[in-house]
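Since the structure is predicted, the reported quantities are computational estimates derived from the model, not experimental observations. When a residue number appears, it is its place in the shown sequence, counting from 1. Side-chain atoms are counted along with the backbone in the values below, which use heavy atoms only and exclude waters and symmetry mates.
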Amino acid sequence: MLQIAHLEEFADATIEDQWLIDITKDISKLCHFNFTHYHKVVIWHGDNSPERSLLYLCCHIIDEHKLYHISINDYNLSTHMLRGVGACSLEMLDFLHNQEKKINPVDCVQYAQLWQTLVKSSKRPDSLLRIFESNEVKSVGEDYFDKQILTQCQEQGQGNFVLMMALVGRVLGLSEQLITDTFIIARVYYLIQNTSLEYQGDLDQPRQLQVRVRD
């Protein structure tokens, strides 16, 4: 996703490049780490696709006897839905850090199988994006959010131009999925490219760019 969404004109493009490199290194270290019987692995996750995918991966590569997890959605931590671990306050994390539970062996096998299913599906061009639905991670096409982007653009603008970043924030706020603004921005640019959206302003200045649904 980061490779697809990479835009040279973004001031923070180099930050995203480094993020991609760091993530790749971290996952490689995890996959090749020599876990011994002294190790205890605790996976923190919420009900979202990236953190659940990590849970599936760990169940695939690590002995089940070493695996524990902390699910933030098992507790009534907030009055609003917490989409990921990153949304937890320090007080929530302090409460959670001693709440780890052993992963059920049957669940561990199932999660490992789900990881293998995701790997296979990611080789299909219509299954490059992952969402969390019906309590599991599913693969969908890159255009999964396009309809929501167009709908929100139409509702916000009522035929007038709207700031692209306001549209992106609206889509993120209403979506039940844990997704980054980088990806939604990339899809807006794609919708401009395929003429579903028309724009006003400079494409090299995303914060000032305005868009509307093409008639």
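For the pair Tyr189/Leu203, a side-chain contact is recorded, criterion being any heavy-atom separation below 4.5 Å from C-beta on. Contact of the Leu77 side chain with the Leu96 side chain is registered, since non-hydrogen atoms from C-beta on lie closer than 4.5 Å. With contacts defined as side-chain heavy-atom distances shorter than 4.5 Å, the pair Tyr144/Ile179 does not qualify. Arg187 is listed as a side-chain neighbour of Asp143, based on a closest heavy-atom distance under 4.5 Å. Using a 4.5 Å heavy-atom cutoff, the side chains of Val140 and Leu128 are not in contact. Side-chain atoms of Tyr56 and Thr117, non-hydrogen and from C-beta on, never get closer than 4.5 Å to each other. Counting heavy atoms from C-beta outward, Leu114 and Leu118 have side chains that stay 4.5 Å or more apart. With a 4.5 Å cut-off on side-chain heavy atoms, Arg130 and Ser53 count as touching.
In this structure, His97 contributes its side chain and Asp94 its backbone to a donor-acceptor pair below 3.5 Å. Gln200 contributes no side-chain N or O that, together with a main-chain N or O of Val211, makes up a donor-acceptor pair within less than 3.5 Å. Here the side chain of Ser175 pairs no donor or acceptor atom with the backbone of Leu172 at under 3.5 angstrom. Formation of a donor-acceptor pair under 3.5 Å by the Asn48 side chain with backbone atoms of Arg83 is found in this model. Between the side chain of Arg52 and the backbone N or O of Val137 there is no donor-acceptor pair closer than 3.5 Å.
Nearest approach of Gln156 to Leu167, heavy atoms of both residues: OE1-CA, 3.3 Å. The two residues Leu178 and Pro50 come nearest to each other via the heavy atoms CD2-CG, 3.9 Å. In plain terms, the two heavy atoms of Ile72 and Cys88 that are nearest each other are CG2-SG, 3.8 Å. Nearest heavy atom pair, residue Arg207 against residue Met165, reads CA-CG, 3.8 Å. Minimum heavy-atom separation, Leu209 to Ile192: CD2-CD1, 4.1 Å. A pairwise comparison of heavy atoms in Cys58 and Leu67 identifies O-CD1, 3.8 Å as the closest pair.
A distance of 10.0 Å separates CZ in Phe95 from CD1 in Ile70, rounded to the nearest 0.5 Å. With rounding to the nearest 0.5 Å, the separation of CD in Glu91 from CG in Leu93 is 9.0 Å. Taken to the nearest 0.5 Å, the CD atom of Gln152 stands 11.0 Å off from the CD atom of Gln154. Taking CD of Gln177 as the start and OG of Ser49 as the end, the distance is 6.0 Å to the nearest 0.5 Å. Note that SG of Cys153 and CZ of Arg214 are 11.5 Å apart. Values are rounded to the nearest 0.5 Å.
Centroid-to-centroid, the aromatic rings of Tyr199 and Phe161 stay 6.0 Å apart or farther. The aromatic ring centres of Phe33 and His39 sit less than 6.0 Å apart.
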Verdict with reasoning, Leu55 to Ile103, per side chain to side chain contact (heavy atoms under 4.5 Å, CB included): CA-CA 10 Å; Leu55 172 65; Ile103 296 180; 3.7 Å; yes

Ile27 vs Leu54, side chain to side chain contact (heavy atoms under 4.5 Å, CB included): CA-CA, chis, key distance, verdict: CA-CA 9 Å; Ile27 293 178; Leu54 177 62; over 6 Å; no

Worked check of side chain to side chain contact (heavy atoms under 4.5 Å, CB included) between Phe183 and Leu129: CA-CA 10 Å; Phe183 184 79; Leu129 185 66; 3.9 Å; yes

Criterion side chain to side chain contact (heavy atoms under 4.5 Å, CB included) on Ile185 and Met164, from CA distance to verdict: CA-CA 8 Å; Ile185 290 169; Met164 182 184 74; 4.0 Å; yes

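In this model, no donor atom of one side chain and acceptor atom of the other lie less than 3.5 Å apart for Ser71 and Asn73. Under the 3.5 Å distance criterion, with hydrogens and angles disregarded, a donor-acceptor pair is assigned to the side chains of Ser121 and Ser139.
Applying the 6.0 Å contact sphere to CD of Gln158 captures more than 12 heavy atoms from other residues, nucleotides or ligands. Atom CD of Gln116 sits in a crowded spot, with more than 12 heavy atoms from other residues, nucleotides or ligands closer than 6.0 Å.
By the 6.0 Å and 45° rule, Lys102 stacks over the aromatic ring of Tyr68.
A salt bridge links Glu100 with Lys40: at least one charged nitrogen is closer than 4.0 Å to a carboxylate oxygen.
Cluster annotation: Tyr190 and Ile131 are assigned to the same hydrophobic cluster (Ile/Leu/Val/Met/Phe/Trp/Tyr, side-chain heavy-atom contacts under 4.5 Å, transitive). Both Trp115 and Ile43 belong to a common hydrophobic cluster when Ile, Leu, Val, Met, Phe, Trp and Tyr are linked at side-chain heavy-atom distances under 4.5 angstrom.
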